[in-house]
Structure formats: structure tokens, C-alpha cells
> 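One structure is given below, represented as C-alpha cells, and several questions about it will come after.
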Amino acid sequence: MVSSTRQTLINLYLSSACSLIAGLSGELPEELSLLKHLEDISIQKGSIKGTIPPNVFKIPNLKQVDVDKNAMSGIIEVREESSVQRLDINFNKFSGSIDFLTLFPNITEAHLDNNMFNGSIPESLGDLTNLRKSNCKIIIDATISAYRF
Amino acid sequence: MDAAQRAATLTDMVTDAHSVDEGSLDSNVLRWLVSADEYYVCPQADNALQRYAAAAVLSKLVPEYEMSSGHECSWLEILCDAKSQIIGIKLSK
């Protein structure tokens, strides 16, 4: 049997968690890139819009970016090689090419499915020798054909 | 350092950081950090900028978010290493 004090604490925790879910919105702020020691950004299952600020990918030891199941859109801009090892952007509305993947030389997992990517598969994707788990459906050259890798 | 000097130094620090990273300064969070935050971070402290950044990120993604006066590493959504440096942000259902 749960004591009344413990039950109160459980209720407080659940109440807090619910208010967090209800308010998860807006765009990923540039201030993320001021956190120079960040390794893991996991902001999932919300209503986040906009794209990922390019400076985020410059964080020196960033290993994971997981924005799975949001409402993010636009192209993903990576300006220089990034340390990201795991990228999960499933179930968003990102568009453009997936060329940015070639700037993640250490990437092991890329989850890109259920977005609006198009274009060709970059040849240099084969250079990503650590990539062992990936999913992506890409509309090639705006035709209805799709390619899975 | 008096309150005015502290406010000016914190403001300069945040402004400088934003000018490097192309972002726009969050004046509401800066105001909180300078005058309302009971943690009363020292501008020279290692965590001054990370405290501002973490507060800005959380307040922009969770509009009803209420910043705590505890160290930012104690905030529920924040993960820190042994040096009290923020290494993770986790927000989810």
C-alpha cells in the first residue's frame, strides 16, 4: 500500500510531467549552441517547428540529436564536419537533400524516415563506414519512385 | 561588485556570446538571471553562461516553464557531468 505522502509525491510528479508535454512547442533556440559541452539533445514527441540551428552541429562533442516526432521542417544545414554519431529526425517534415549526412564522418545511426527529403543519394555516403543502422525514404528527383537505403 | 556592475557584466557576457553564435539575445531570461534568480550567479562563475543558455532553451520550448533557483544541473530536463557541465537536454512525452 502506498503511503499518502508517497502518493502525493507521485501525483505531483505526474502533474509536472503532463504540464511539460502540453507546452512543448516553438523552435529549437540558438542558445543550444552556447552549451559547449552538450553531448545529447533529445527533444521528442512535441510540436517543435522550424529547423535545427546550424550552429548546433558545431558543438564539439555532440553525439546525439534526437528530435523524433515533432513538426520540424526546412532543410538541414551543416556547415562543417560534425561529431554527431546518432541522428533521429523521424516523423517530421524536413525537406531537401540528405547531403548533410556526409558531414557526419562518425555517424553510426541515421533515422530519417517519414520526412520529405528528395534528390539523389550522395555517392560519398559509402564513405560513412561506421553507419550501421539507417532508414530513409527519399523521393528521387521529384518523381514518385522511392529509394531505400 | 555591486548589483549594477554584476548586471552589466552578465549582460555583456551574454551579448558577446550571442554575437559569436549569431543568435538573438533573450531579454526576458537575461532579466530573470540578473534580477529575479535567487541563485544569484556570479558573472565570473563557470556556469554563468550555461545557466543563461539552459534557461533560454527551456523557456522557449516550454513557455510555462518556471525556472528554479537551484543549480541548473538539478533541473529535471538537464543532465550534467561530474564537473557540473551540461551534457544533455531531454524533453519528451
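Here is how names work: the chains are called A, B, and so on, in the same order as the sequence lines, proteins then strands, and each is numbered from 1.
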> Taking atom CD1 of B:Ile86 and atom CG of A:Asp40, what is their separation to the nearest 0.5 Å?
12.5 Å

> How far does CD1 of A:Ile43 sit from NZ of B:Lys90, to the nearest 0.5 angstrom?
10.5 Å

> For B:Asp26, is it the side chain, the backbone, both or neither that has a heavy atom under 4.5 Å from a heavy atom of chain A?
both

> Are there over 12 heavy-atom neighbours, none belonging to B:Asp46, within less than 6.0 Å of that residue's CG?
no

> Does any heavy atom of chain B fall under 4.5 Å from the side chain of A:Ile48, the backbone, both, or neither of them?
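It is the side chain, since no backbone atom gets that close.
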
> Applying salt bridge (charged side-chain N to carboxylate O under 4.0 Å, His left out), can you list everything that pairs with A:Glu77, at least two apart in sequence or on another chain?
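A:Glu77 satisfies salt bridge (charged side-chain N to carboxylate O under 4.0 Å, His left out) with A:Arg79 only.
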
> For A:Glu31 and B:Ala53, work out which heavy atoms get closest and say how close.
O-CB, 3.6 Å

> So does B:Gln5 have more than 12 non-hydrogen atoms from other groups sitting under 6.0 Å from CD?
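For B:Gln5, atom CD is crowded (more than 12 foreign heavy atoms under 6.0 Å).
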
> Do you reckon A:Ile76 sits in the same ILVMFWY cluster as A:Leu103, going by side-chain contacts under 4.5 Å, direct or chained?
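Looking at the clustering, A:Leu103 is in the same group as A:Ile76.
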
> With rounding to the nearest 0.5 Å, note down the distance linking CD in A:Glu30 to NZ in B:Lys60.
8.5 Å

> Do B:Trp32 and B:Met13 belong together in a cluster built from hydrophobic side chains that touch within less than 4.5 Å?
yes

> Transitively linked via ILVMFWY side-chain contacts under 4.5 Å: B:Leu33 with B:Tyr39?
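Linked within one cluster.
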
> Can you hop from B:Tyr52 to B:Leu79 via hydrophobic side chains spaced under 4.5 Å?
no

> Rounded at 0.5 Å granularity, tell me how far OG in A:Ser25 sits from CG in B:Leu61.
7.5 Å

> Got a second to check how far A:Leu38's CG is from B:Ile78's CD1, nearest 0.5 Å?
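Rounded to the nearest 0.5 Å, the CG-CD1 separation comes out at 8.0 Å.
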
> Hey, could you give me the CD1/CG distance between B:Ile87 and A:Leu35, rounded to the nearest 0.5 Å?
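Answer rounded to 0.5 Å: 12.0 Å.
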
> Do you know which of A:Gly26, A:Pro29, A:Pro53 has the most heavy-atom pairs under 4.5 Å to chain B?
A:Pro29

